[in-house]
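To find a chain, count down the sequence lines: A is the first, B the second, and so on, and within it residues start at 1. These numbers come from a predicted model, not from an experiment.
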Amino acid sequence: LNVLIIVFTEMRDKLRKWREDNHRNSEQIVDVGEELINEHASKLGDDIWIIYEQVMIAALDCSRDDLAWTCLQELKRQFPGSQRVKRLAGMRLEALEKYEDASKQYDSILQDDPTNTAARKRKISILKAQGKSAEAIRELNEYLEQFVGDQEAWHELSELYINEHDYGKAAFCLEELMMTNPHNHLYCEQYAEVKYTQGGLENLELSRKYFAQALKLNNRNMRALFGLYMSASHIAASPKVNATVKKANVKYATWATNQINRAYQVSYARCLL
Amino acid sequence: MAPELLLDSNIRLWVVLPIVFITFLVGVIRHYVSILLQSDKKLTLEQVSDSQVLIRSRILRENGKYIPKQSFLMRKFYFNNQEDGFLKNTKRKVVPPSPMTDPSMLTDMMKGNVTNVLPMILIGGWINWTFSGFVTTKVPFPLTLRFKPMLQQGIELLSLDASWVSSASWYFLNVFGLRSMYSLILGQDNGADQSRIMQEQMSGAAMAMPADTNKAFKAEWEALELTDHQWALEGVEEELMSRELDLDGMFSKELPTGIF
C-alpha cells in the first residue's frame, strides 16, 4: 500500500512540474493523468480540477476525444458558466475540426468579456489551422494593437511573417521580443537569422552583431556560432567592402572557425568516454 | 501614585474575555461577508490596452539599447511625433470618479460602510449598554483627565484615575489590536482588517485612476523625448572574442534547454 501511495504522489508532482514548465509532452501527460484520474481521484482533492484541464488539453493533442470529453463533463459540472471551461469546450471543437462551432463558442465568451485574451487568441489559431495565413496575420495585428504586451502573440506573428517571407515585419516583431527579454539568447539568434536571410551588406553586419550577442549570452549556442562564421565570411567575400572591414571580418570568421573546431573536439572527447 | 484598585475577577471572566471573543468573531464574519459582497472589478478594454502601451513605452526607454538604432528611432517617432504620435495625441475621456456620479463606486462605498462602520457602531453601542457601570481594565500608561469622559463612559466617579477604562474602550482597543490575529488566521488580504480599509479609503481618494491616463501619457512622452539610443552591441564582437568560448557541459544530457 505504501508503494502505491508513493507512486501516486510522484505522478501528481510530475504533472505539476510539467504544468509549471509548460511542457507539451502530451502523450506522457495523458498516460500519467489518465491513471491518476481513474485510480486516485479521491486522493487528489481540489487539485483534480486543474489536472482535468491539463489532461484534457493533452488528450486533444493525442486525438483522445473520449478522455477529453470526460474531463470536460467533469469540469462543466463543477464550474457551470465558467469562461475558462467554455474556452476548453471551444478547443475541443477545434480539435474535431468543427471550426464554425468553435468560433461561435469564442464569440460568446467575448460578448461577456471583451478583454478575454484567451478567446481572441484561439480564434486566430483557428484561422491559422484553416491555412488562412493572411487573415490570421491581419487579426493578430489587430489583437496586438490592443494588447501590445503579449509576448506569445508577437512570437506567433513573427513566425507567420517568416512563413510569408515578409522578413522586415518579422524582424520588427523579434525586436519587440528582444526588448522585453534582453537576456534571451534565442531571440537574438532568431533575429540575426532573419537579418541574414534579408541579405544586403547592412543586414549582414547587423546579423553578425546579433549572432555575437547571442553567443555572448550563451556561449554554447552552436547555431549562433555557425551564423557568426557565415555572416562574417559573407561580408569578407563581398566586393563592396573596403580593406579594413574585410580584414576585421576575416579575423572574426577565423576566430569562429577555431571555436567550432574546439566544440567538435569536445564532442569527440565525450564520445570516447 | 494612584491607589491600586483590585477588580473583581468575575470582571475578567465575564467581561474582558467575552469582548475579545465578540470582536474576533465579528471580524471573521465581516471577512466572509465582504467576500460574498465583493463585486468583480471589470476593466474596460481601453484601460487594459492603455496600461500595456505605457509598459511598452517604458520598456523602449529601458531596453531600447538592445535593438538597432533605426528601429529605436522608428518606435520613438511612433510614440512622440508632433503630428500623430500616440503619446502626444491620444486623449482619453477623463471622468473624475466622484462618488455621486459613478454608480459602481457609489455601491462600493455603500458596501464598505455597511460591512465595516455600521457593525462597529452597533456593537460598540451594545457593549456600552450591556457592560456599563463598572471599570473593565487599566491601560498601562497614565492619561490626562481630558480622556475621562471618552474612556469612562458609564462611570460617574470624578476622582477615578483616567487610566481605568470602561468596556467600550476595551472593545475599540480590541478592534485595532486583533488585526495581526486576523492576518494569522485569515491570510494576508482579509476583509476584517479595519485600519487597512480606512487607509485604502484615504489613499483611494487621492489616486483617481482614469484622470491618470492622460497624465501618465504626458509623463511617458517627456521621458521618451529625453531618451537617447546607446547601442549595447557597439563592441560586441571584441567583447566576445576577448576570451575563448566556455564550452563546458555542451553535449551533456542534463542541459535543460536545447542548444538549437
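- Note that the CG atom of A/N218 and the CG atom of B/D246 stand 9.5 Å from one another [nearest 0.5 Å].
- Using a 4.5 Å cut-off between heavy atoms, A/L215 touches chain B through backbone and side chain atoms alike.
- Between the side chain of A/Q146 and the backbone N or O of B/S49, no donor-acceptor pair lies under 3.5 Å.
- With a 6.0 Å radius and a threshold of 12 heavy atoms from other residues, nucleotides or ligands, B/F21 has its CZ atom at or below the threshold.
- Heavy atoms of other residues, nucleotides or ligands lying less than 6.0 angstrom from CD of A/E27 number 12 at most.
- A donor-acceptor pair is defined here as one N or O able to donate and one able to accept, closer than 3.5 Å; such a pair exists between the side chain of A/R262 and the backbone of B/L245.
- The CE atom of A/M178 lies 7.5 Å from the OG atom of B/S71; values are rounded to the nearest 0.5 Å.
- For NE2 of A/H155, the number of neighbouring non-hydrogen atoms (other residues, nucleotides, ligands) closer than 6.0 Å is greater than 12.
- When heavy atoms are compared at a cutoff of 4.5 Å, A/D150 approaches chain B solely by way of its backbone atoms N, CA, C and O.
- Other residues, nucleotides and ligands contribute more than 12 heavy atoms inside 6.0 Å of the CD atom of B/E222.
- Looking only at side-chain heavy atoms (C-beta outward), B/P68 and A/E175 come within less than 4.5 Å of each other.
- Listed options A/N258, A/L228, A/N219 were ranked by heavy-atom pairs under 4.5 angstrom with chain B; first place goes to A/N219.
- In this structure, A/R24 places its CZ atom where only 12 or fewer heavy-atom neighbours from other residues, nucleotides or ligands lie under 6.0 Å away.
- When the shell of 6.0 Å around CZ of A/R84 is examined, it contains 12 or fewer heavy atoms from other residues, nucleotides or ligands.
- Residues B/R75 and A/E176 meet the side-chain proximity criterion, which asks for heavy atoms closer than 4.5 Å.
- A/Y191 touches chain B through its side chain: at least one heavy atom from C-beta onward sits under 4.5 Å away, while N, CA, C and O do not.
- Within a 6.0 Å radius of OH in A/Y229, other residues, nucleotides and ligands contribute 12 heavy atoms or fewer.
- Below 4.5 Å, heavy atoms of chain A meet heavy atoms from B/W231, B/L233, B/E234, B/V236, B/E237, B/E238, B/E239, B/L240, all part of residues 229-240 of chain B.
- Within a 6.0 Å sphere centred on CD of B/Q70, heavy atoms belonging to other residues, nucleotides or ligands number 12 at most.
- When heavy atoms are compared at a cutoff of 4.5 Å, A/L225 approaches chain B solely by way of its side chain, counted from C-beta outward.
- Heavy atoms closer than 4.5 Å to chain A are found nowhere in B/R61, neither backbone nor side chain.
- Partners of B/W221 by ring-ring contact (aromatic ring centres under 6.0 Å, His included), not counting sequence neighbours: none found.
- The candidate with the highest count of non-hydrogen atom pairs below 4.5 Å against chain A, out of B/E62, B/Q52, B/M74, is B/Q52.
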